[in-house]
Amino acid sequence: MKVTTTDRPGLGPVMLDVVGTELNDDDIRRIRHPLTGGVILFARNFKNRQQLTELTRAIHEVRPGVLIAVDHEGGRVQRFKTDGFTKLPAMRKLGELWDRDVLESTRAATDVGYVLAAELRACGVDLSFTPVLDLDYGESGVIGDRAFHRDARVVAMLAKSLNHGLALAGMANCGKHFPGHGFVKADSHIDIPIDERGLKEILGEDAAPYGWLGMGLAGVMPAHVIYPKVDKHPAGFSKKWLSILRRDMGFEGVIFSDDLSMEGASVAGTVVDGANAALSAGCDMVLICNSPDKADQLLEELKLKASPAVRASEARIASLVPQATAPDWDALQQDARYRAAKKTAQSLMD
């Protein structure tokens, strides 16, 4: 299949997925669309490392510079687990280690972040949507052991250490789900979660890691959660919440909407309504996953006029694309730093 490149130099505000383990004509058409700026991969896109590397290479050939991302946190949210990929621990394991040995846990978090990012980058993946900054209240099934800890201070310190490991492998980070998804039981994939707490409590607890991490955060993904005492809109569609993130917390990185096909986004209306609402609220990039028909609708109907804000979003998105050369997989396996970090990550699985 002949691959041609789009003439558009910038990255658009839409991140979408691909159907299978190799690109088909519809995938190529969508990736080449001027509004596309990112591609997110899932477990269905992975057969083995060679196939994954060929897929990411093909995506980058179709659209040089496009951001290739994945949800690859560790624990139950890890898309690639076989053919050499290290099985990474759930983040709660790092929190439990913190309770036994603070310094050892921060070192381990850096090791886990390094292994996570180095393996992905060796296969052509640019970004993982990690770390989870939600607090572990013990109530949320969808968050659960994906969270580091109940204490926001511990979450911030372990996330900072994990982000250091990502950076050592040349990968940016994305904290999620702002201002916090851990307090509510409902799963925004299938429901519309509502958090009845007030602004002061949320900022003092759940949102605190975002402020403490400061410029160490490269990306943020808001929650599909409604906080009615603050705003009637879910955080990702809320100018109030995103202005708190930008203005009050000084965040200057990329704001990603969570998946517009999730039930938690349905309050915004159609996928186009949701994208417009998210972008108007302050998101730089919107995600549409597992719905090729909705992706087509979004690419066809979303209207984006050139403006300083759009150009600023494009520049922020481009800043997440790794600048350093990706490691070679075979060379990585012989690297002493990687081998030591991998040993640490594997020890947390016991």
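Everything numeric here is computed off the predicted structure, so don't read it as measured data. Scope of the values below: all heavy atoms of this structure, side chains included, with no hydrogens, waters or symmetry mates.
With respect to the salt-bridge test (charged N to carboxylate O, under 4.0 angstrom), the residues Glu22 and Lys47 do not qualify. Look at Lys343 and Asp111 and you find no salt bridge, because none of the NZ, NE, NH1 or NH2 atoms lies under 4.0 Å from a carboxylate O. Using a 4.0 Å cut-off between charged side-chain N and carboxylate O, Arg121 and Asp126 make no salt bridge. Comment: Arg29 engages Asp296 in a salt bridge, judged by a side-chain N to carboxylate O separation of less than 4.0 angstrom. Taking the charged nitrogens against the carboxylate oxygens, Arg57 and Glu54 have no contact shorter than 4.0 Å, which rules out a salt bridge. Using a 4.0 Å cut-off between charged nitrogen and carboxylate oxygen, Asp284 and Arg316 count as a salt-bridge pair. Between Lys176 and Glu73 there is a salt bridge, with a side-chain nitrogen of the basic residue lying less than 4.0 Å from a carboxylate oxygen of the acidic one.
By the 4.5 Å heavy-atom criterion applied to side chains, Arg146 and Ile143 are counted as neighbours. Taking the side chain as every heavy atom from C-beta outward, Pro292 and Asp26 never approach each other to under 4.5 Å. Residues Val112 and Met91 are in side-chain contact: their nearest non-hydrogen atoms beyond the backbone lie under 4.5 Å apart. In this structure the side chain of Leu120 reaches within 4.5 angstrom of the side chain of Val70, judged on heavy atoms. Counting heavy atoms from C-beta on, the side chains of Asp17 and Ile288 never come closer than 4.5 Å. A heavy-atom distance below 4.5 Å is not found between the side chains of Asn45 and Thr21. Between Ile40 and Leu16, the closest side-chain pair of non-hydrogen atoms is not below 4.5 Å. The side-chain heavy atoms of Thr106 and Leu94, taken from C-beta on, include no pair separated by under 4.5 Å.
Under the 4.5 Å side-chain heavy-atom criterion for ILVMFWY residues, no single connected hydrophobic cluster contains both Trp212 and Val155. Residues Val19 and Leu287 are members of separate hydrophobic clusters, defined by side-chain heavy-atom contacts under 4.5 angstrom among Ile, Leu, Val, Met, Phe, Trp and Tyr. Connection of Val77 to Val125 is not established within any shared hydrophobic cluster, with ILVMFWY side chains joined at heavy-atom distances below 4.5 Å, either directly or through further cluster members. Each of Met349 and Phe85 belongs to its own hydrophobic cluster when Ile, Leu, Val, Met, Phe, Trp and Tyr are linked at side-chain heavy-atom distances under 4.5 angstrom.
Shown here is Arg44, whose CZ atom has more than 12 heavy atoms of other residues, nucleotides or ligands within 6.0 Å. At most 12 non-hydrogen atoms from other residues, nucleotides or ligands lie less than 6.0 angstrom from CD of Glu252. The environment of NZ in Lys160 is sparse: at most 12 heavy-atom neighbours from other residues, nucleotides or ligands sit within 6.0 Å. With a 6.0 Å radius and a threshold of 12 heavy atoms from other residues, nucleotides or ligands, Glu104 has its CD atom above the threshold.
Ring centroids of Phe129 and Phe256 are separated by less than 6.0 Å, placing the two rings close together. Two rings, from His224 and Phe237, have their centers less than 6.0 Å apart.
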How far apart are the C-alpha atoms of Leu41 and Phe80, what are their side-chain angles, what is the distance that settles it, and do they pass the side chain to side chain contact (heavy atoms under 4.5 Å, CB included) test?
-> CA-CA 10 Å; Leu41 301 178; Phe80 318 135; 4.2 Å; yes
Could you check Ile244 against Leu199 for side chain to side chain contact (heavy atoms under 4.5 Å, CB included), going step by step and ending with a plain yes or no?
-> CA-CA 11 Å; Ile244 288 172; Leu199 178 61; 3.9 Å; yes
Between His33 and Leu298, does a side chain to side chain contact (heavy atoms under 4.5 Å, CB included) hold up when you go through it step by step?
-> CA-CA 11 Å; His33 194 284; Leu298 185 57; over 6 Å; no
Step by step, work out the side chain to side chain contact (heavy atoms under 4.5 Å, CB included) result for Phe42 and Asn290.
-> CA-CA 9 Å; Phe42 291 91; Asn290 305 309; 4.2 Å; yes
CA sep, side-chain torsions, deciding dist, call: Asp206, His181, side-chain hydrogen bond (donor to acceptor under 3.5 Å, both in side chains) | CA-CA 8 Å; Asp206 302 63; His181 199 314; over 6 Å; no
Would you check, one step at a time, whether the test salt bridge (Lys or Arg N to Asp or Glu O under 4.0 Å) holds for Asp71 with Arg79?
-> CA-CA 7 Å; Asp71 282 318; Arg79 304 308 186 200; 3.6 Å; yes
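At distances below 3.5 Å, at least one donor-acceptor pair connects side-chain atoms of Asp83 with backbone N or O atoms of Arg49. Under the 3.5 Å distance criterion, the side-chain polar atoms of Gln346 are left unmatched by any main-chain donor or acceptor of Thr86. A donor-acceptor contact shorter than 3.5 Å is absent between the side chain of Ser105 and the backbone of Leu97. Remark: the backbone N or O of Asn24 is paired with a side-chain donor or acceptor of Asp27 at under 3.5 angstrom. The closest donor-acceptor contact from the side chain of Asn276 to the backbone of Asp273 lies at 3.5 Å or more, if one exists at all. Using modelled atom types, one side-chain atom of Ser238 and one backbone atom of Trp241 make a donor-acceptor pair closer than 3.5 Å. Judged purely by atom type and a 3.5 angstrom limit, Arg92 has no side-chain atom pairing as donor or acceptor with the backbone of Ala147. With Asp136 contributing its side chain and Phe148 its backbone, the two residues share no donor-acceptor pair below 3.5 Å. Side-chain atoms of His60 come within 3.5 Å of backbone N or O of Val66 as a donor-acceptor pair. Between the side chain of Thr36 and the backbone N or O of Arg32, no donor-acceptor pair lies under 3.5 Å.
Remark: Ile194 pairs with Glu196, Ile226, Pro228 by the side-chain contact (heavy atoms from CB on, under 4.5 Å) rule, at least two apart or across chains.
Between Ala208 and Gly204, the closest heavy-atom pair is CB-O, 4.0 Å. Closest heavy-atom contact between Ser257 and Val286: OG-CA, 3.2 Å. In this structure, Asp99 and His149 approach most closely via the heavy-atom pair OD1-NE2, 3.0 Å. Pairing each heavy atom of Leu260 with each of Val271, the nearest pair is CD1-O, 3.8 Å. Between Leu135 and Asp151, the closest heavy-atom pair is CD2-C, 4.5 Å. Minimum interatomic distance between Ala118 and Pro327 (heavy atoms only, all atoms of both residues): O-CG, 3.7 Å.
Sorted by first then second residue, the salt bridge (charged side-chain N to carboxylate O under 4.0 Å, His left out) pairs that include residues 216-233, not counting sequence neighbours, number zero.
Distance check, rounded to the nearest 0.5 Å: OG of Ser243 to CE of Met249 gives 10.5 Å. Atoms CG and CZ, on Leu245 and Arg247 in that order, are 11.0 Å from each other to the nearest 0.5 Å. Note that CE of Met285 and CG of Leu279 are 10.0 Å apart. Values are rounded to the nearest 0.5 Å. Between the CD1 atom in Ile68 and the CG atom in Leu127 there is a gap of 11.0 Å [rounded to 0.5 Å].
Using a 30° and 60° split on the angle between ring planes, Phe183 and Tyr137 fall in the perpendicular class, above 60°.
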